[in-house]
A.B. asks: 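Sharing a structure here in structure tokens format.
Just so it is clear: chains get the letters A, B, ... in the order the sequence lines come, proteins before strands, and each one is counted from 1. Just so you know, these numbers come straight off a predicted model, no measurement behind them.
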Amino acid sequence: MSDATAQLAETTRPEPADTPRGASSPTPSPESPLISEAERDELRRQGILLTSLEEIYNWGRSHSVWPLQFGLACCAIEMIAASMARFDIARFGSEVFRPSPRQADLLIVSGTVTKKMAPQVVRLWNQMPEPKYCIAMGACAISGGPFKQGYNVLKGIDRFLPVDIYIPGCPPRPEALLHGLMQLQQKIRGQKLTGPDAPRHLRADDPCAYPVPEFGERDLVPPQNPAVWQPPPPPVRPAS
Amino acid sequence: MEPLVQLRERILARFPGADVTVLPNPAPVGQDSLVIGREHALAIARFLRDDPELSLDYCSNVTGVDWPQQEVIETTRVTQPDPTTGTPKVYEQKTKRLTPAFLEVVYHLYSMARQHGPVIIRLRTGNRTDQVAVPSLTPIWRACEFQEREVFDLFGVTFEGHPDLRRILMWDGFKDHPMRRDYVEPDDYEWEPTAHDDVLKKAQEHLARAEGRQP
């Protein structure tokens, strides 16, 4: 920042008497940045942009989330509707549905995942480059939905993939998908680029590998990926 | 279109010794059907398609039915004289009977040319274990191809003369036939909000297994 803008920032900043000054202490450290969020927002209102690399990087990423052009069932119709003019997913920067997983950032699992289709979904996910995100859209992708008791339906894609956003509904309205996308943008904006909270592709301890299940004689082998999903413990019953 | 009883007479006149019976449907819809023996099934099907009065040129639906062996108790009323007084008295006689076990394939036939139908024909296998073959009607109606594959996949009926008999819905290498009534499905769901009846039983068995007890 040049001296002139620094001065301008100094003069236009309102100085309430009870403002805590701890956030803008003169000694910079990772824990306490130079200015607080409130001060930065006030500067923005006056037309002065102060930002960090992490923030502008995440801002750019969160407004260009390109989904994979991939639909499974009736939820896909709602996904298509969300991309059309009436709901217009382009307002959020996600209108570029990529026909190749190599160019996509977001996998919207829109519909029932049958056991015959599950290995292909995991393979598509593995072919997407990091950073990538997964939205489970609709009751089927979350838990199997109305087909939960079926022999042929996977009981939720979260048995094989790390799901970021769950959108309930059968099928969800396009507004619900847009809301889920906004939640995902919020999640992306909150990600740290360094430290222990960094996303998996920036960490050395996460191999980012998701094994593709095989077709067994009666079920998928393995029936779930224990690294991302464990069956819930049985409910605790009162002693009788 | 002629009634099924009359159609059966025509079939029997054309194919003497063929095994054709009319299976009445007691439901309000009243769609009776013809049960056709396996050995003449292909010839009778060709007759149904090529006969100018019938010209059933369109097979709209092929489906399978599983009939496991069941014990049926039939109640009949018998009037017999009472041994002491000699007056006639009505007794209820209960007989137990085992139904035969077989698989059934049902074809719904229509005529596009003459605008009538459906004529429903049924083919039955010998049993549910080793005699599960019926003749394929794909050479007569090409539309049967995928649906016979589906019946093969889900019920385990093998169709003799089918050009490409493979599984169509489940993957290759899958064992068992999921639509059979004695199919045991994998125990792979853990929670049910409003369990009742069969689902409740399954949920309890799953819970017992998860807690380490014998279901």
A.B. asks: Can you establish whether the number of heavy atoms outside Trp67(B) located under 6.0 Å from its atom CH2 is more than 12?
C.D. replies: no
A.B. asks: Around Glu54(A), counting heavy atoms of other residues, nucleotides and ligands shown, do more than 12 lie under 6.0 Å from its CD?
C.D. replies: yes
A.B. asks: Decide if atom CZ of Arg203(A) counts as having more than 12 heavy atoms of other residues, nucleotides or ligands within a radius under 6.0 Å.
C.D. replies: yes
A.B. asks: Evaluate whether atom NE2 of His179(A) has more than 12 neighbouring non-hydrogen atoms of other residues, nucleotides or ligands under 6.0 angstrom away.
C.D. replies: no
A.B. asks: Among Glu217(A), Gln224(A), Arg218(A), which residue has the highest count of heavy-atom pairs closer than 4.5 Å to chain B?
C.D. replies: Glu217(A)
A.B. asks: By number, which residues in residues 157-186 of chain B have some heavy atom less than 4.5 Å away from chain A?
C.D. replies: Ile168(B), Leu169(B), Met170(B), Trp171(B), Gly173(B), Phe174(B), Lys175(B), Asp176(B), Pro178(B), Met179(B), Tyr183(B), Val184(B), Glu185(B), Pro186(B)
A.B. asks: Tell me whether Arg77(B) at atom CZ has more than 12 heavy atoms from other residues, nucleotides or ligands lying less than 6.0 Å away.
C.D. replies: no
A.B. asks: Supply the atom-to-atom distance Arg159(A) CZ to Asp188(B) CG, rounded to the nearest 0.5 angstrom.
C.D. replies: 6.0 Å
A.B. asks: Among residues 112-123 of chain A, which ones touch chain B with a heavy-atom distance under 4.5 Å?
C.D. replies: Lys115(A), Lys116(A)
A.B. asks: Chain B contacts: which residues in residues 68-76 of chain A have a non-hydrogen atom closer than 4.5 Å to it?
C.D. replies: none
A.B. asks: Quick check on Asp198(B): does its CG atom have over 12 non-hydrogen neighbours (other residues, nucleotides or ligands) under 6.0 Å away?
C.D. replies: no
A.B. asks: So, using ring pair (Phe, Tyr, Trp, His ring centres under 6.0 Å) as the criterion, who are the partners of His63(A) when residues are at least two apart?
C.D. replies: Trp59(A)
A.B. asks: What residue, out of Pro223(A), Gly156(A), Gly216(A), has the most heavy-atom pairs lying under 4.5 Å from chain B?
C.D. replies: Gly216(A)
